[in-house]
J.: 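Below is one structure. I have some questions about it.
Order of the sequence lines sets the chain letters (A, B, ...), proteins ahead of strands, with each chain counted from 1. Just the heavy atoms: all of them, side chains too, but no hydrogens, waters or symmetry mates, feed the values below.
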Amino acid sequence: MSYELLRLVWWALLGVLLIAFAVTDGFDLGSAALLPYVARNDNERRQVINTIGPVWEGNQVWFVLGGGAIFAAWPALYAASFSGFYLAMFAVLAALIFRPLSIIYRSKLSDPRWRGWWDWTFFVTGIIPALIFGVAFGNLFLGVPFGFDADLRFHSTITLLSLLRPFPLLTGLLSLSMLTLHGATWLTLKSDGPVSARARAAIPVFAGAFIVLFVLAGIWLLALDGYVITSSLSHDSDSNPMLKTVILVPRGWLLNAGLHPALWLAPLLALSGAFAAILLRDRPLLSFLGSALACAATIATAGLALFPFLLPSSSEPDSSLTVWDASSSKLTLEIMLGAVLIFLPLILAYTAWVYRVMRGPVRARDFSGDPGAY
Amino acid sequence: MDVVLLSRLQFAVTALYHFLFVPLTLGLSLILVITECVYVMTGRTIWRDITKFWGALFGINFAMGVATGITMEFQFGTNWAYYAHYVGDVFGAPLAIEGLMAFFLEATLVGLFFFGWDRLSKVGHLIVTAGVAIGSNFSALWILIANGWMQFPVGAKFNPDTMRMEVSDFMAVLFNPVAQAKFVHTVAAGYVTGSVFVLAISALYLLQKRHRPLALRSMTVAASFGLASALCVIVLGDESGYTASVNQKMKIAAIEAMWNTEPAPASFTLIGIPDREGRKTDYAVKIPWVLGLITTRSIDKQVPGIDDLVKLADTRIRSGLLAYETLAKLRSDRNNAALRAQLHEHVDDLGYALLLKRFRPDVEHASEADIARAAQSTIPNVPVLFWSFRLMVACGFWFVLLFGAAFYLAATRQLVRYRWFLVAAVLSLPLPWIAAELGWIVAEYGRQPWVIEGVLPTALGVSSTAAGNVLFSLLGFVVFYSGLAVADLYLMIKYVRLGPDQTIGHPVAAPRDMVAA
């Protein structure tokens, strides 16, 4: 396999991992964001938490694996994004530390203050990552200020506040509404009684918000400048992000779709997914698949528009990280691809098995007598 | 405080904290497999309840291990960005494979361990438990392959076009002898931790004269598993010492506080007081031959002392400077074959030139004094290593004694006969954690000033982020982690106090046969 093709495959795999994360951990985050609304008493709150109880841990690994895959396949991107977005990453990390514990520790004691504190933690740690991931994606479209010195040491002037610009804030809300919608279709499917009914009622609200924000973001993109590589850049050479020139072009992010009109399918599918989630909400499984499609296609839309950029630099555009100059060596990409081909099918198989074993809605009697339940 | 110091502190705090939970996960997961195996094979429900009880404690610990482990992965990017760039091509792969092969398995199946008792067949549930244990242990394998490469960076070479280390031989990275020895040493230490945990809590129940059927059975499992593991820890610890002596001679010399090269075979300093200023070890009690035998597996090879190793570092810094200067020329003349050949000749010492960066950014103008300082900086903190190592080893030998006694008493059915033994077992509870943390200090603090031995100095690996950010996150971690430690300990103690009956929600099944004890 050529180095060029390997890089393309790894770019696609990055997308696959992000999508798998959004589709699985997304409903965990969304369920947490919906907790105060769908659950009004202790039993209902336990019901919400127990719908994700057996699966959240595996779901979260998609994110850990995504991080690991970026480290192994795109080390320059790993170094730049994790250190550049330092405080945002710290906030995500804090959420990822506290959310699991809020699930596991909450029902271990019956003291209402203890439970109240963990419920609040669960809610907040559901919202924060959902918002931050969206804000991060929005910033990719605008570019962030960074560059490299002669030793390829990354430097940047990014601050937390500088990331909170209007367009990224919009995409942050877009991400939040998308994942909350996904949580709502999940809870409709996996719970019963009042919790399921309230979750079902929330579907049109968050799907509507998602559709409006998605269209708004699309229109906004028309007004934004996009990054374009103007020099020749070999797709088969060693990775060094300092050997090209990049300029800003009005409507530059629409160039890919202009060249390949089939790419318009991605945003179309994202909106169809959200509409399907609303229209099919009486058939919870289909509605859930609709919101899953919305998540997947939204990420695909962003990735396809940005291609071949991974992280554009606003201060030194020539140092932007792209698919062609920020990857690992050919050998590492080959080895990692081999590992993925062996293990990804296994992961999908046993994950599917776990969901099958735990199929069906979670009811109060499933957890009220079981001290192992959350 | 500067970014380097703060980042190192943060890594140390979060790694030591994470490592409070990992060994127990490793050991307890296998003990759960053992007890559940007995349940499946004999059909006696008491063994299911034993599995459930230790499983509940396992769950509390597992959550903390997972939550704090994510911090470790993130930090390579957030705080060690240049490290991530410089070695990500090699170091990232085992981390990613760990996720694919191991972490996914344990995290996906652990939910079924707790929720699957009524939904799975006996064998089905045992497979889930085994999957969690296999996942945890393979997780340790890949993490230690990554860590082993930091100690002994084999199978990789520097690429001047990308300014980083790249994989040249992945099999060498995989079968790195340092990694293999470390893996067995570390997981066996985890098994010891799990065994001491079960042994101590069971002993407590026996002292309190409650939950006797569960406690006796648990103790028997812990005694045999613990004895095998404790012996394994010592043998593989010795193997780690041998592999370290191949490429981390300075670490060995520092652990031994061996300032001067002794004639072979070198003696082992059992105890003494290392004096950093005077470069000597006072009141040393020495055992002839032992060090030479352990580290060189021979009686005629020398173990070099600290002073000789500093001289060697001096030479390598000068050679590294030639590589560094050639690299600078190559940047403006990328295709010059003569320069590439010249770089190739000295590139193995490039890391030594980078040691100078701590003292001056324009390395190529380094003075004699700078080179001398950089060479001196290759000496790790001798007294800390000297003592950490000795305390760790003392703990290791104590575990062999403890489990040996437990094994004998279990085999002769006298576990409840000697009160002093039960008290000793309870008091030993904190020791495996102390030993594990000390082991981490020996391995990682002993690697300083390198983050990748001989390749990349720690001070160079950090991110170019504001010190204020790191201070903020460090304080955040200290506050969060302290709070979580309180919650974790509180829950553990509560469940141990409540005892198995209330923890699993029904009385532990009565044994079919009475165990004479």
J.: Might you work through the side-chain contact (heavy atoms from CB on, under 4.5 Å) test for A/Phe90 and B/Thr78, ending with a clear yes or no?
T.: CA-CA 8 Å; A/Phe90 179 67; B/Thr78 51; over 6 Å; no
J.: Could you tell me which portion of A/Trp74 (side chain, backbone, both or neither) has an atom closer than 4.5 angstrom to a non-hydrogen atom of chain B?
T.: neither
J.: Which region of A/Leu243, side chain (C-beta onward) or backbone (N, CA, C, O), has a non-hydrogen atom less than 4.5 Å from a non-hydrogen atom of chain B, or is it both or neither?
T.: side chain
J.: Less than 4.5 Å to any heavy atom of chain A: does that hold for the side chain of B/Ala56, its backbone, both, or neither?
T.: neither
J.: Using 0.5 Å steps for rounding, measure from the OG1 atom of B/Thr71 to the CG atom of A/Leu96.
T.: 9.0 Å
J.: Counting only non-hydrogen atoms closer than 4.5 Å, does A/Ala150 touch chain B with its backbone (N, CA, C, O), its side chain (CB onward), both, or neither?
T.: both
J.: For A/Tyr105 and B/Met64, run side-chain contact (heavy atoms from CB on, under 4.5 Å): C-alpha distance rounded to whole Å, both residues' side-chain angles, the deciding distance at 0.1 Å, then the answer.
T.: CA-CA 10 Å; A/Tyr105 287 179; B/Met64 289 291 282; 3.1 Å; yes
J.: Can you tell which part of B/Lys52 gets under 4.5 Å to a heavy atom of chain A, answering side chain, backbone, both or neither?
T.: neither
J.: Quick one: what part of B/Tyr86 sits under 4.5 Å from any heavy atom of chain A, side chain, backbone, both or neither?
T.: neither
J.: Which pair of heavy atoms, one from B/Arg119 and one from A/Arg359, lies closest together, and at what distance?
T.: NH1-O, 3.5 Å
J.: Can you say whether A/Met242 sits under 4.5 Å from chain B via the side chain, the backbone, both, or neither, judging by heavy atoms?
T.: neither
J.: Would you please test A/Ile97 and B/Phe480 for side-chain contact (heavy atoms from CB on, under 4.5 Å) and show each step?
T.: CA-CA 9 Å; A/Ile97 291 171; B/Phe480 291 168; 5.5 Å; no
J.: Tell me, side chain or backbone of A/Val55 under 4.5 Å from chain B's heavy atoms, or both, or neither?
T.: neither
J.: Taking every heavy-atom pair that is under 4.5 Å apart, which of A/Trp353, A/Phe85, A/Trp62 has the most such pairs with chain B?
T.: A/Trp62
J.: Can you tell which part of A/Leu101 gets under 4.5 Å to a heavy atom of chain B, answering side chain, backbone, both or neither?
T.: side chain
J.: Look at the side chain of A/Asn240 and the backbone N and O of B/Thr162, then say whether any donor-acceptor pair between them is shorter than 3.5 Å.
T.: no
J.: Can you confirm whether the side chains of A/Tyr86 and B/Ser473 place a donor and an acceptor under 3.5 Å from each other?
T.: yes
J.: Is any side-chain heavy atom of A/Tyr78 closer than 4.5 Å to one of B/His85?
T.: no
J.: Checking B/Val167 against chain A: side chain, backbone, both or neither under 4.5 Å from a heavy atom?
T.: both
J.: What part of A/Arg356 is in contact with chain B, defined as an atom under 4.5 angstrom from a non-hydrogen atom: side chain, backbone, both or neither?
T.: neither
J.: Using non-hydrogen atoms and a 4.5 Å limit, figure out which bit of A/Ala76 sits close to chain B: side chain, backbone, both or neither.
T.: neither
J.: Side chain, backbone, both or neither: which part of B/Tyr490 has a non-hydrogen atom closer than 4.5 Å to chain A?
T.: side chain
J.: Between A/Tyr374 and B/Phe115, is the gap from one ring center to the other below 6.0 Å?
T.: yes
J.: Got more than 12 heavy atoms from elsewhere within 6.0 Å of CG, B/Asp118?
T.: no
J.: For A/Asp151 and B/Arg164, run salt bridge (charged side-chain N to carboxylate O under 4.0 Å, His left out): C-alpha distance rounded to whole Å, both residues' side-chain angles, the deciding distance at 0.1 Å, then the answer.
T.: CA-CA 9 Å; A/Asp151 292 334; B/Arg164 67 182 182 197; over 6 Å; no
J.: State, with a plain yes or no, whether a side-chain heavy atom of B/Phe170 is found less than 4.5 Å away from one of A/Thr332.
T.: no
J.: Please identify, among B/Leu460, B/Leu95, B/Thr503, the residue contributing the most non-hydrogen atom pairs under 4.5 Å to chain A.
T.: B/Leu460
J.: So, for A/Tyr350 and B/Leu100, which heavy atoms are closest and what is the spacing to 0.1 Å?
T.: OH-O, 4.3 Å
J.: What are the two closest heavy atoms between B/Met163 and A/Leu152, and how far apart are they?
T.: CB-CD1, 3.9 Å
J.: Would you say the side chain of A/Leu109 lies within less than 4.5 Å of the side chain of B/Leu491, judging by non-hydrogen atoms?
T.: yes
J.: Assess whether atom CZ of B/Phe158 is packed by more than 12 heavy atoms of other residues, nucleotides or ligands within 6.0 Å.
T.: yes
J.: Run B/Glu106 and A/Val61 through side-chain contact (heavy atoms from CB on, under 4.5 Å) and show every step you take.
T.: CA-CA 10 Å; B/Glu106 58 173 321; A/Val61 183; over 6 Å; no
J.: Can you tell me which portion of B/Asp488 sits under 4.5 Å from chain A's heavy atoms? Options are side chain, backbone, both or neither.
T.: both
J.: Heavy-atom cut-off 4.5 Å, strictly under: side chain, backbone, both or neither for A/Ser81 against chain B?
T.: neither
J.: With a cut-off of 6.0 Å (strictly less than), are more than 12 heavy atoms of other residues, nucleotides or ligands near CZ of A/Phe343?
T.: yes
J.: Looking at chain A, which one of B/Val66, B/Asp89, B/Ile504, B/Leu120 has the largest number of heavy-atom pairs inside 4.5 Å, strictly under?
T.: B/Asp89
J.: Picking from A/Asp238, A/Asn50, A/Leu160, which has the most non-hydrogen pairs under 4.5 angstrom with chain B?
T.: A/Asp238
J.: Quick check for you: among A/Met336, A/His155, A/Met89, which has the greatest number of heavy-atom pairs under 4.5 Å with chain B?
T.: A/Met336
J.: Which of the residues B/Trp117, B/Phe114, B/Phe103 is involved in the greatest number of heavy-atom pairs with chain A at under 4.5 angstrom?
T.: B/Phe103
J.: Out of A/Ile158, A/Val64, A/Ile103, A/Leu344, which one racks up the most heavy-atom pairs below 4.5 Å with chain B?
T.: A/Val64
J.: Would you say CZ of B/Arg334 has more than 12 non-hydrogen atoms from neighbouring residues, nucleotides or ligands within 6.0 angstrom?
T.: yes
J.: Hey, can you tell me if A/Phe71 and B/Phe91 have their rings parallel, tilted or perpendicular (30° and 60° cut-offs)?
T.: tilted
J.: Shorter than 4.5 Å, heavy atoms on both sides: which option in B/Ile97, B/Leu112, B/Asp161 has the most such pairs with chain A?
T.: B/Leu112
J.: At a 4.5 Å cut-off on heavy atoms, which part of A/Trp56 comes close to chain B: side chain, backbone, both, or neither?
T.: neither
J.: Give, as side chain, backbone, both or neither, the part of A/Phe367 having an atom under 4.5 angstrom from any heavy atom of chain B.
T.: neither
J.: Heavy-atom pairs under 4.5 Å with chain B are the metric here; pick the option from A/Gly53, A/Ala69, A/Ala79, A/Gly66 that has the most.
T.: A/Ala79
J.: Does the ring centre of A/Phe154 sit less than 6.0 Å away from the ring centre of B/Tyr82?
T.: no
J.: For B/Val87, which atoms come within 4.5 Å of any heavy atom of chain A: side chain, backbone, both, or neither?
T.: neither
J.: Look at B/Gly476, B/Gly99, B/Ala487, B/Ala81 and state which one has the largest set of heavy-atom pairs under 4.5 Å with chain A.
T.: B/Ala81
J.: Looking at B/Gly77, B/Gly92, B/Ser464, which makes the most heavy-atom pairs under 4.5 Å with chain A?
T.: B/Gly77
J.: Do you know which two heavy atoms are closest between A/Gly68 and B/Ala96, and how far apart they sit?
T.: O-CB, 3.5 Å
J.: Indicate the atoms forming the closest heavy-atom contact of A/Lys108 with B/Lys494, along with that distance.
T.: O-CE, 3.6 Å
J.: With rounding to the nearest 0.5 Å, note down the distance linking CD in B/Gln75 to CG in A/Leu93.
T.: 8.0 Å
J.: Can you name the nearest heavy-atom pair linking B/Ile70 to A/Gln60, along with the distance?
T.: CD1-NE2, 3.1 Å
